[in-house]
Amino acid sequence: MLVTSCVVLDFETTGLSPDQGDRVTEVAAVRVANNQVLEHYASLANAGRSVPGFVTQLTGISMQMLRTAPPIRQVIHALATFIGTDPVIAHNAGFDRKFLIAEYRYAGLTPPTNAVICTLRLARRVLPHLPNHKLATVASHLGIRFPSNAHRAEADARVAAHVLLALSERLADAHDLEVTPDVLGHITRWPIAQWQTRLARHQAPPVPP
DNA sequence: TGCCAGGCCCTCTTTAGGGCCTT
(Lines give C-alpha, C1' and ligand atoms only; values in the text may rest on other atoms or scores of the structure.)
Protein backbone atom coordinates (compact mmCIF):
# COMPACT_ATOMS: atom_id res chain seq x y z
CA MET A 1 0.00 0.00 0.00
CA LEU A 2 1.25 3.46 -0.89
CA VAL A 3 0.40 5.56 2.16
CA THR A 4 2.56 8.63 1.66
CA SER A 5 1.03 11.61 -0.13
CA CYS A 6 2.33 12.26 -3.64
CA VAL A 7 1.09 14.05 -6.76
CA VAL A 8 0.64 12.43 -10.16
CA LEU A 9 1.17 15.01 -12.90
CA ASP A 10 0.38 15.17 -16.60
CA PHE A 11 0.92 17.99 -19.10
CA GLU A 12 -0.45 18.47 -22.58
CA THR A 13 1.88 20.69 -24.58
CA THR A 14 2.40 22.22 -28.01
CA GLY A 15 5.29 19.83 -28.69
CA LEU A 16 8.10 17.79 -27.21
CA SER A 17 10.66 20.34 -26.11
CA PRO A 18 10.49 23.51 -24.01
CA ASP A 19 13.99 24.27 -25.34
CA GLN A 20 12.39 24.60 -28.79
CA GLY A 21 9.76 27.02 -27.50
CA ASP A 22 7.03 24.50 -26.78
CA ARG A 23 4.64 25.41 -23.96
CA VAL A 24 2.10 23.70 -21.74
CA THR A 25 -1.53 23.82 -22.92
CA GLU A 26 -3.20 21.80 -20.14
CA VAL A 27 -2.19 20.62 -16.68
CA ALA A 28 -3.64 17.98 -14.38
CA ALA A 29 -2.38 16.94 -10.96
CA VAL A 30 -3.92 14.20 -8.85
CA ARG A 31 -3.05 13.68 -5.20
CA VAL A 32 -2.64 10.08 -4.06
CA ALA A 33 -2.46 9.02 -0.42
CA ASN A 34 -3.55 6.04 1.66
CA ASN A 35 -3.75 4.00 -1.53
CA GLN A 36 -6.50 6.25 -2.87
CA VAL A 37 -6.86 8.95 -5.50
CA LEU A 38 -7.88 12.09 -3.62
CA GLU A 39 -8.33 15.69 -4.82
CA HIS A 40 -7.13 17.01 -8.15
CA TYR A 41 -6.28 20.23 -9.94
CA ALA A 42 -6.81 20.52 -13.71
CA SER A 43 -6.94 23.43 -16.13
CA LEU A 44 -6.34 24.44 -19.69
CA ALA A 45 -3.65 27.12 -19.92
CA ASN A 46 -3.15 29.92 -22.41
CA ALA A 47 0.55 30.54 -23.05
CA GLY A 48 -0.05 32.49 -26.25
CA ARG A 49 1.65 29.80 -28.29
CA SER A 50 0.06 28.30 -31.41
CA VAL A 51 -0.92 24.64 -31.27
CA PRO A 52 0.27 22.53 -34.23
CA GLY A 53 -2.51 20.78 -36.12
CA PHE A 54 -1.26 17.30 -35.36
CA VAL A 55 -1.24 18.12 -31.63
CA THR A 56 -4.86 19.29 -31.84
CA GLN A 57 -5.64 16.04 -33.64
CA LEU A 58 -3.85 14.06 -30.89
CA THR A 59 -5.20 15.86 -27.82
CA GLY A 60 -8.37 17.57 -29.00
CA ILE A 61 -7.01 20.85 -27.58
CA SER A 62 -7.50 23.65 -30.11
CA MET A 63 -6.45 27.28 -30.35
CA GLN A 64 -10.11 28.22 -29.89
CA MET A 65 -10.24 26.37 -26.55
CA LEU A 66 -7.08 28.10 -25.32
CA ARG A 67 -8.32 31.62 -26.18
CA THR A 68 -10.74 31.47 -23.25
CA ALA A 69 -8.38 29.53 -20.95
CA PRO A 70 -6.72 31.19 -17.93
CA PRO A 71 -3.23 32.65 -18.45
CA ILE A 72 -0.55 30.03 -17.93
CA ARG A 73 1.21 32.05 -15.21
CA GLN A 74 -1.97 31.85 -13.11
CA VAL A 75 -2.33 28.13 -13.81
CA ILE A 76 1.29 27.33 -12.91
CA HIS A 77 1.06 29.28 -9.63
CA ALA A 78 -2.07 27.30 -8.73
CA LEU A 79 -0.33 24.07 -9.72
CA ALA A 80 2.72 24.90 -7.61
CA THR A 81 0.46 25.50 -4.60
CA PHE A 82 -1.30 22.19 -5.21
CA ILE A 83 1.92 20.20 -5.56
CA GLY A 84 3.67 21.77 -2.58
CA THR A 85 6.59 19.61 -1.48
CA ASP A 86 5.02 16.25 -2.39
CA PRO A 87 6.93 13.84 -4.60
CA VAL A 88 5.88 14.28 -8.25
CA ILE A 89 5.03 11.22 -10.31
CA ALA A 90 4.47 10.99 -14.07
CA HIS A 91 4.58 8.53 -16.95
CA ASN A 92 7.91 9.23 -18.69
CA ALA A 93 8.57 11.74 -15.93
CA GLY A 94 11.57 13.30 -17.66
CA PHE A 95 9.18 14.84 -20.17
CA ASP A 96 6.86 16.42 -17.60
CA ARG A 97 9.79 17.43 -15.37
CA LYS A 98 11.48 19.51 -18.05
CA PHE A 99 8.20 21.32 -18.83
CA LEU A 100 7.53 21.80 -15.09
CA ILE A 101 10.94 23.42 -14.62
CA ALA A 102 10.52 25.61 -17.73
CA GLU A 103 7.02 26.77 -16.79
CA TYR A 104 8.04 27.51 -13.18
CA ARG A 105 10.79 29.75 -14.57
CA TYR A 106 8.40 31.51 -16.99
CA ALA A 107 6.03 32.04 -14.06
CA GLY A 108 8.77 33.59 -11.91
CA LEU A 109 8.93 30.65 -9.50
CA THR A 110 12.01 28.91 -8.16
CA PRO A 111 12.49 25.63 -10.06
CA PRO A 112 10.99 22.74 -8.07
CA THR A 113 13.22 20.39 -6.09
CA ASN A 114 10.51 17.79 -5.41
CA ALA A 115 11.46 14.14 -5.73
CA VAL A 116 10.41 12.80 -9.15
CA ILE A 117 9.31 9.22 -9.83
CA CYS A 118 8.61 7.74 -13.26
CA THR A 119 5.84 5.17 -13.76
CA LEU A 120 7.30 4.26 -17.16
CA ARG A 121 10.53 3.15 -15.52
CA LEU A 122 8.56 1.42 -12.76
CA ALA A 123 6.41 -0.45 -15.30
CA ARG A 124 9.49 -1.60 -17.23
CA ARG A 125 10.80 -3.18 -14.03
CA VAL A 126 7.55 -4.64 -12.66
CA LEU A 127 6.01 -5.71 -16.01
CA PRO A 128 9.01 -6.45 -18.25
CA HIS A 129 7.02 -8.88 -20.42
CA LEU A 130 4.67 -6.26 -21.91
CA PRO A 131 5.08 -5.57 -25.65
CA ASN A 132 5.56 -1.88 -24.84
CA HIS A 133 5.18 0.39 -21.83
CA LYS A 134 2.99 3.17 -23.16
CA LEU A 135 0.55 4.42 -20.52
CA ALA A 136 -2.43 2.93 -22.41
CA THR A 137 -0.76 -0.47 -22.71
CA VAL A 138 0.25 -0.64 -19.05
CA ALA A 139 -3.20 0.54 -17.93
CA SER A 140 -4.97 -1.99 -20.14
CA HIS A 141 -2.82 -4.81 -18.79
CA LEU A 142 -3.69 -3.77 -15.22
CA GLY A 143 -7.41 -3.52 -16.04
CA ILE A 144 -7.48 0.25 -15.69
CA ARG A 145 -9.85 2.11 -18.02
CA PHE A 146 -9.53 5.71 -19.16
CA PRO A 147 -12.31 7.80 -17.54
CA SER A 148 -12.52 9.92 -20.71
CA ASN A 149 -10.36 10.68 -23.73
CA ALA A 150 -6.75 9.58 -23.57
CA HIS A 151 -4.25 12.38 -24.27
CA ARG A 152 -6.18 14.81 -22.12
CA ALA A 153 -4.31 15.78 -18.99
CA GLU A 154 -6.85 14.83 -16.33
CA ALA A 155 -7.66 11.45 -17.86
CA ASP A 156 -3.98 10.60 -18.29
CA ALA A 157 -3.10 11.77 -14.76
CA ARG A 158 -5.93 9.73 -13.21
CA VAL A 159 -4.92 6.63 -15.18
CA ALA A 160 -1.26 7.13 -14.22
CA ALA A 161 -2.32 7.44 -10.57
CA HIS A 162 -4.15 4.10 -10.72
CA VAL A 163 -1.17 2.55 -12.54
CA LEU A 164 1.07 3.79 -9.72
CA LEU A 165 -1.20 2.26 -7.08
CA ALA A 166 -1.50 -1.05 -8.95
CA LEU A 167 2.25 -1.37 -9.49
CA SER A 168 2.90 -0.45 -5.85
CA GLU A 169 0.46 -3.13 -4.74
CA ARG A 170 2.20 -5.73 -6.90
CA LEU A 171 5.55 -4.81 -5.42
CA ALA A 172 4.19 -4.91 -1.89
CA ASP A 173 2.50 -8.29 -2.40
CA ALA A 174 5.38 -9.93 -4.27
CA HIS A 175 8.19 -8.78 -2.03
CA ASP A 176 6.53 -8.02 1.30
CA LEU A 177 7.66 -4.43 0.97
CA GLU A 178 6.39 -1.25 2.52
CA VAL A 179 6.18 0.81 -0.67
CA THR A 180 6.98 4.48 -0.16
CA PRO A 181 8.04 7.15 -2.67
CA ASP A 182 11.60 6.62 -1.37
CA VAL A 183 11.39 2.93 -2.22
CA LEU A 184 9.86 3.63 -5.65
CA GLY A 185 12.56 6.18 -6.37
CA HIS A 186 15.24 3.71 -5.39
CA ILE A 187 13.71 0.90 -7.45
CA THR A 188 13.37 3.02 -10.59
CA ARG A 189 17.01 4.10 -10.34
CA TRP A 190 18.22 0.50 -10.03
CA PRO A 191 19.52 -0.84 -13.38
CA ILE A 192 17.02 -3.15 -15.09
CA ALA A 193 19.57 -5.92 -15.69
CA GLN A 194 20.47 -6.17 -12.00
CA TRP A 195 16.81 -5.88 -11.05
CA GLN A 196 15.91 -8.83 -13.30
CA THR A 197 18.80 -10.87 -11.95
CA ARG A 198 17.49 -10.41 -8.43
CA LEU A 199 13.96 -11.31 -9.48
CA ALA A 200 15.21 -14.45 -11.26
CA ARG A 201 16.90 -15.49 -8.01
CA HIS A 202 13.63 -14.75 -6.13
CA GLN A 203 15.39 -12.05 -4.17
CA ALA A 204 13.53 -9.00 -2.94
CA PRO A 205 14.21 -5.82 -4.90
CA PRO A 206 16.81 -3.53 -3.39
CA VAL A 207 15.41 -0.85 -1.15
CA PRO A 208 16.98 2.10 0.64
CA PRO A 209 18.36 1.47 4.15
C1' DT B 1 18.96 21.70 -48.48
C1' DG B 2 18.38 19.34 -44.49
C1' DC B 3 17.91 19.44 -40.02
C1' DC B 4 15.20 20.63 -36.12
C1' DA B 5 14.26 16.59 -28.00
C1' DG B 6 16.40 14.07 -24.82
C1' DG B 7 17.21 10.58 -21.51
C1' DC B 8 16.92 5.74 -20.79
C1' DC B 9 17.79 1.16 -22.28
C1' DC B 10 19.40 -2.66 -25.11
C1' DT B 11 22.80 -4.90 -28.01
C1' DC B 12 25.05 -7.55 -33.53
C1' DT B 13 28.04 -2.24 -27.39
C1' DT B 14 31.49 0.44 -24.71
C1' DT B 15 35.97 4.58 -29.95
C1' DA B 16 27.92 3.39 -31.28
C1' DG B 17 23.57 3.20 -32.91
C1' DG B 18 18.81 2.73 -32.67
C1' DG B 19 14.23 1.96 -30.34
C1' DC B 20 11.21 3.60 -26.80
C1' DC B 21 8.28 7.12 -24.55
C1' DT B 22 6.27 11.71 -23.75
C1' DT B 23 3.24 16.11 -27.04
Fill in the blank from the handout: Readout for nucleotides 17-23 of chain B: B = base within 4.0 Å of protein heavy atom, S = sugar-phosphate only, - = neither; 5' to 3' it is ---SBBB
Handout entry: Selection residues 43-65 of chain A - residue pairs positive for side-chain hydrogen bond (donor to acceptor under 3.5 Å, both in side chains), sequence neighbours left out
Key = none
Problem - B:dC21 to B:dT15 separation - C1' atoms, rounded to the nearest Å - result: 28 Å
Handout entry: Interatomic distance at C1', B:dG19 relative to B:dT13, whole Å
Key = 15 Å
Handout entry: Interatomic distance at P, B:dT14 relative to B:dG2, whole Å
Key = 30 Å
Handout entry: Euclidean distance for P, B:dG7 against B:dC12 (whole angstrom)
Key = 26 Å
Handout entry: Distance, C1' atom - from B:dT1 to B:dG6, rounded to whole angstrom
Key = 25 Å
Completion exercise
Residue pair A:Trp190/A:Asp19 against DNA chain B: nearer the 5' end by closest nucleotide is A:Asp19
Practice task
Enumerate the residue pairs fulfilling ring-ring contact (aromatic ring centres under 6.0 Å, His included) with a member in residues 36-94 of chain A, sequence neighbours excluded, ordered by first and then second residue.
Solution key: none
Problem - For A:Ala33, side-chain contact (heavy atoms from CB on, under 4.5 Å) partners two or more places apart - result: A:Ser5, A:Leu38
Problem - Qualifying ring-ring contact (aromatic ring centres under 6.0 Å, His included) pairs with a residue from residues 135-184 of chain A, counting only residues at least two apart or across chains - result: A:His129-A:His141
Practice task
State which residues pass side-chain contact (heavy atoms from CB on, under 4.5 Å) with A:Ala161; sequence neighbours excluded, sorted by chain then number.
Solution key: A:Val8, A:Val30, A:Val32, A:Val37
Polar atoms only, N or O, under 3.5 Å: list the protein pairs with nucleotides 10-13 of chain B and their distances.
none

Exercise for the section: Examine B:dG7: is either OP1 or OP2 under 4.0 Å from a nitrogen or oxygen in the side chain of A:Arg97? Give yes or no. Expected result: no
Practice task
Starting from P on B:dA5, measure out to CD1 on A:Ile101 and report it in whole angstrom.
Solution key: 19 Å
Practice task
Any side-chain hydrogen bond (donor to acceptor under 3.5 Å, both in side chains) involving residues 7-21 of chain A? Give me the pairs, sequence neighbours left out, ordered by first then second residue.
Solution key: A:Thr14-A:Asp22
Exercise for the section: Look at the side chain of A:Thr137 and the backbone N and O of A:His133, then say whether any donor-acceptor pair between them is shorter than 3.5 Å. Expected result: no
Exercise for the section: Describe the nucleic acid contact of A:Arg125 in one word from base, sugar-phosphate, nothing, applying a heavy-atom distance below 4.0 Å. Expected result: sugar-phosphate
Problem - With A:Ile101 via side-chain contact (heavy atoms from CB on, under 4.5 Å) - residues at least two apart - result: A:Arg97, A:Arg105, A:Pro111, A:Pro112
Practice task
Using the C1' atoms only, state how far B:dC3 lies from B:dC8, rounded to an integer number of Å.
Solution key: 24 Å
Handout entry: Donor-acceptor pair, side chain of A:Asn35 and main chain of A:Leu165, under 3.5 angstrom
Key = no
